[in-house]
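These notes concern the structure reproduced below.
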Amino acid sequence: MERVPVSTAALEMKCLPVSDKNGKIAIGLRDGSHAVRNFFIGTAAAALLSLYILDIDWLRILSRSGEIGTVFAKMAFFDFKSIEFTLLSFMETFSIMVLSTLYSIFFGMLFGLLGAENVVKNRTAALSVKAFSALLRAVPTPVWVLLTLVCFGFGAEAGIIGLSVHTAAFFTRAFAQAFEDVPADVIEAMEALGANRLQVIFCAILPMAMTQLIAWLALRFEINFAECTILGMVGAGGIGFAISTSIQNYAYGEAGIAIMIVFLFAFCMEQGFIYLKKKIK
Amino acid sequence: MQVPVACEREKKVYGWFFIALLGCFLAATVFTRFNPLVVLTEIGGVWDFVADDFFPPVLVCSDGILKSVVVTVALAVSSASAAALLAFTAAVFGSEYVAPFPAVAKCIRATATFLRNIPTLVWAFILFSSLGVGTGVGFVALVITSFAFMTRAFIEVIDEMSQDSIECLSAVGATFWQRIFHSVLPNCVGGFIAWFLYCLEVNIRSSTVVGMVGGGGIGMILFSYLKSFKYPQAAGIILLIAAVVILVDLLTNYLRRKVAG
């Protein structure tokens, strides 16, 4: 009996199985497979070109790679000398994260509604809101924080406001998308019943988009925590400041504790949101 | 009479979630003594700062700036691609359904969780202190977090695909690599590419930030301008960064529609 290798992938793709000269079934290319192949070739070429441009001294990195182990070993010996400072700066980071995310939800919701084409019936207005938010999003968060540091001085305010600018712009795009995903029939049905614009928003659009809003909120909490850590390293306060100063002063034990706190909190938050998403589903 | 719209259990979860959020909000406000009205009282100062110091933005078109933009983009592209290759290998050994050794799969997922939950810049600082500053070290720091992020995303893509075709292939005696290349890869390639493009977008921003603390590139130039109070030049660089980020976003959106859609 002739052996015919059958790929289930071919069956799933609904290709016509036509045997070629060797008696094998031609799997055939799915639509767009050429695009995928070209994409891979292009990416590989771009990556190789980039590596060539960067001209990295691999030998130096390899020869020093043993140092990483040494640093980690030093960090594993926790030094509880300045634990109070570390905990206080962690509290600050946590507060900046919570406040910036929650204030941004408010603004994101507002501008998200203004940017959703099915809420604002004016296409140009919605597009211009989205374009403006794209411009704000294009500047990385630490840059915003550096700018607010200049305006508001050193402290939590600068961190909260700087992060909020970027986060609100992020929410604007995400929420506008979520609102636009609400089926048009629902809105039409409400309008046919004589509901006004506010009733449509509060009784149809917001409740239907709620699951998506919470998913975005969870994602942004995780991102903002990482950003809060980062902004301490570029000069604002918080746990990032504790980490960068202790590393620069070769106090690896103190840095180890701070990094451990960051890791544990991020890990717990991730697990908590996974649990929450399961509950809501 | 009101018709209950949301199911009761769901309402309860939402309720607790909002109470928890409110509690965090109050605690944070008390701790930082943050008054949102400060934005309104300080708005004049902000406006003066933007209008006087930043405008008109000056963009010095020198070779150095052009070169540093290229370095930043190259850093993002190469680190995302290298991380994608590693993450694909890690994901096929780390996914519960296709992994040949369950113990190894657990280890891979635990490692990815550990690497992912420490921010890129912290990795950069750890590596700078052990390897010295430089573009290469920035590259390694970006690869670490992109690798961990994509490993998780790829594992999720593999777990979400229909498991029937893998089962079929194992039933007819396909080896591990045959299963990967004839079932997992064709089914998941769209999802993989979508996550890779997202990672590329994130990396463009991260490579700017890593540059600020010693990775080189455009971030380094911006940081030095801001530190020496050359605000018009800094404004020019910020607009340049925004332009690069928007261009890359447009490109990834185009590729997503074309390849992953």
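Only this structure's heavy atoms are used, side chains among them; waters, hydrogens and symmetry mates stay out. Convention: sequence-line order gives letters A, B, ...; per-chain numbering from 1.
Among all heavy-atom pairs drawn from B/A234 and B/L222, the shortest one is O-CD1, 3.7 Å.
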Show me the donor-acceptor pairs within less than 3.5 Å that the side chains of residues 130-140 of chain A make with the rest of the protein, sequence neighbours left out.
residue, atom, partner, partner atom, Å
A/K130, NZ, A/E180, OE2, 3.1
A/S133, OG, A/K130, O, 3.0

Can you give the donor-acceptor pairs under 3.5 Å from side chains of residues 233-247 of chain A to other protein atoms, not counting sequence neighbours?
residue, atom, partner, partner atom, Å
A/S244, OG, A/G240, O, 3.1
A/S244, OG, A/F241, O, 3.2
A/T245, OG1, A/F241, O, 2.7
A/T245, OG1, A/A242, O, 3.2
A/S246, OG, A/A242, O, 2.6
A/S246, OG, A/I243, O, 3.1

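Heavy-atom pairs under 4.5 Å with chain B peak, among A/L54, A/V71, A/I53, A/L146, at A/L54. When each of B/T135, B/V122, B/I241 is scored by its heavy-atom pairs under 4.5 Å with chain A, the top score falls to B/V122. When each of B/V213, B/L85, B/L75 is checked for heavy-atom pairs under 4.5 Å with chain A, B/L75 comes out on top. Most heavy-atom pairs under 4.5 Å with chain B, from the set A/F72, A/F225, A/Y250, A/F94: that is A/F72. Taking B/V140, B/V245, B/L121 one by one and counting their heavy-atom pairs under 4.5 Å with chain A, the maximum is reached by B/L121. The most heavy-atom pairs under 4.5 Å with chain B, out of A/S95, A/S65, A/A47, come from A/S95. Counting heavy-atom pairs under 4.5 Å between each of B/K67, B/Q178, B/R152, B/R33 and chain A puts B/R152 at the top. Ranked by heavy-atom pairs under 4.5 Å with chain B, the first of A/D57, A/V150, A/T229, A/L51 is A/V150.
For B/F128, no part lies near chain A; criterion is any non-hydrogen pair under 4.5 Å. With a threshold of 4.5 angstrom between heavy atoms, B/L127 approaches chain A through side-chain atoms but not through N, CA, C or O. Residue B/V209 touches chain A through its side chain alone, counting heavy-atom pairs closer than 4.5 Å. In this structure, no portion of A/I261 lies under 4.5 Å from any heavy atom of chain B. Residue A/L48 does not touch chain B at all, counting heavy-atom pairs closer than 4.5 Å. Both the backbone and the side chain of B/F125 come within contact range of chain A, judged by heavy atoms closer than 4.5 Å. Contacts between A/M75 and chain B at a heavy-atom distance below 4.5 Å involve the side chain alone, from C-beta outward. Heavy atoms of A/Q248 lying under 4.5 Å from chain B belong exclusively to its side chain. Residue contact with chain A, scored on non-hydrogen atoms closer than 4.5 Å, involves the backbone and the side chain of B/L131 alike. Both the backbone and the side chain of B/L21 have a heavy atom closer than 4.5 Å to some heavy atom of chain A. Of the two parts of B/R179, neither the backbone nor the side chain holds a non-hydrogen atom closer than 4.5 Å to a non-hydrogen atom of chain A. With a 4.5 angstrom heavy-atom cutoff, A/I160 touches chain B only via side-chain atoms. Using a 4.5 Å cut-off between heavy atoms, A/L264 makes no contact with chain B at all. Both the backbone and the side chain of B/F25 come within less than 4.5 Å of a heavy atom in chain A. With a 4.5 angstrom heavy-atom cutoff, B/F223 touches chain A only via side-chain atoms. Contacts of A/F39 with chain B are made by side-chain atoms alone, with heavy-atom separations under 4.5 Å and no backbone atom involved. Contacts of A/Y275 with chain B are absent, with no heavy-atom separation under 4.5 Å from either backbone or side chain. Only the side chain of A/A156 has a heavy atom closer than 4.5 Å to any heavy atom of chain B.
Residues B/I166 and B/M161 form a side-chain contact, since some pair of their non-hydrogen atoms from C-beta on lies under 4.5 Å apart. Taking 4.5 Å as the limit, some side-chain heavy atom of B/R116 sits within range of a side-chain heavy atom of A/E270. Here the side chains of A/L276 and A/I214 are in contact, with some heavy-atom distance below 4.5 Å. Using a 4.5 Å cut-off on side-chain heavy atoms (C-beta onward), A/L231 and A/T141 make no contact. Side-chain contact between A/I161 and A/V145 is absent, with no heavy atoms from C-beta onward closer than 4.5 Å.
A donor-acceptor pair shorter than 3.5 Å can be found between the side chains of B/S165 and B/S183.
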Decide yes or no on ring-ring contact (aromatic ring centres under 6.0 Å, His included) for A/F90 and A/F265, but give the supporting numbers first.
CA-CA 10 Å; A/F90 174 73; A/F265 184 77; 5.3 Å; yes
Any chance you could lay out the ring-ring contact (aromatic ring centres under 6.0 Å, His included) test for B/F149 and B/Y198, step after step, and finish with the verdict?
CA-CA 11 Å; B/F149 168 76; B/Y198 176 74; 5.7 Å; yes
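Applying the 6.0 Å contact sphere to CZ of A/F107 captures no more than 12 heavy atoms from other residues, nucleotides or ligands.
Judged by distance alone, the side chain of B/R205 and the main-chain N or O of B/E201 form a donor-acceptor pair under 3.5 Å. When atom types are taken as modelled, the side chain of B/T72 and the backbone of B/I218 share a donor-acceptor pair closer than 3.5 angstrom. Counting only distance, with no hydrogens or angles, the side chain of A/W58 and the backbone of B/G136 share no donor-acceptor pair below 3.5 Å.
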